[in-house]
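Report on one structure; see the data block that follows.
Predicted model, so just to flag it, every value in this text is computed and none were measured. Worth knowing before you read on, the calculation uses all heavy atoms, side chains too, and leaves out hydrogens, waters and symmetry mates.
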Amino acid sequence: RKPVGLAVGICPWNFPCFVMARKIAPALLAGCTSVVKTSEFTPNTCFEMAKLFATVDLPKGVVNIVTGKGEIVGAALAASPKVDIISLTGSVRAGKSVYASAA
């Protein structure tokens with residue numbers, strides 16, 4: 001099996017650490033790089049988790065955290081031709097928006 005490339009994980013405001021782990025772990029195990037977009041309401045939990053990733057022996061740029069409003073940052077990630085796979089945990093409205101941007 002081969003890695004698919006750049007995996008984007010879009011996380012909701014509730015359970016940010018748990019959901020972030022569910023986005024990053026499979027991507028790393030599959031050999032992919034990862035960009036996680038945190039909720040604009042709860043970014044600090046994800047920043048603390050990112051500090052933990054900085055303490056392990058991963059190459060720089062394998063795990064990346066971005067913040068901002070979903071309508072702006074999430075849409076830009078979804079529309080990027082550099083993104084190979086997207087995982088979203090969120091509302092139906094958010095899912096439809098990501099789906100439309102990625103199409």
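Checked by atom type and distance alone, the side chain of Asn64 never pairs as donor or acceptor with a backbone atom of Val36 at under 3.5 Å. A donor-acceptor pair under 3.5 Å links the side-chain atoms of Lys37 to the main chain of Gly68, judged by distance alone. Judged purely by atom type and a 3.5 angstrom limit, Asp84 has no side-chain atom pairing as donor or acceptor with the backbone of Ala7. Side chain of Ser101 to main chain of Ser97: a donor-acceptor pair is present (N/O by atom type, distance under 3.5 Å, no hydrogens or angles). Distance alone, capped at 3.5 Å, places no donor-acceptor pair between the Thr45 side chain and the Thr42 backbone.
Cluster membership for Phe47 and Leu77, using ILVMFWY side-chain heavy atoms within less than 4.5 angstrom, is not shared. Note: the hydrophobic cluster containing Leu6 also contains Ile10 (ILVMFWY, side chain heavy atoms under 4.5 Å, direct or indirect links). In the hydrophobic cluster analysis, where Ile, Leu, Val, Met, Phe, Trp and Tyr join through side-chain heavy atoms closer than 4.5 angstrom, Ile65 is grouped together with Val56. In the hydrophobic cluster analysis, where Ile, Leu, Val, Met, Phe, Trp and Tyr join through side-chain heavy atoms closer than 4.5 angstrom, Val19 is grouped apart from Val66. Both Val8 and Leu88 sit in one connected hydrophobic cluster of ILVMFWY residues. Membership requires side-chain heavy atoms under 4.5 Å apart, directly or through other members.
Here the side chains of Pro16 and Cys11 are not in contact, with every heavy-atom distance at 4.5 Å or above. Contact annotation: the side chain of Asn44 never approaches that of Glu48 to less than 4.5 Å [non-hydrogen atoms, C-beta and beyond].
Between the side chains of Lys23 and Thr89, at least one donor N or O lies within less than 3.5 Å of an accepting N or O.
Contact detail for Met49 and Met20: the closest heavy-atom pair is SD-SD, 3.9 Å.
To the nearest 0.5 angstrom, Phe53 atom CZ is 10.0 Å from Cys46 atom SG. Atom OG1 of Thr33 and atom CG of Leu58 lie 11.5 Å apart (nearest 0.5 Å). Atom OG1 in Thr67 sits 9.0 Å away from atom CD in Glu40 (nearest 0.5 Å). To the nearest 0.5 Å, atom OG of residue Ser80 and atom CD1 of residue Ile86 are 9.0 Å apart.
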Side chain to side chain contact (heavy atoms under 4.5 Å, CB included) evaluation trace for Lys51 with Thr55: CA-CA 7 Å; Lys51 289 179 186 176; Thr55 65; 5.9 Å; no
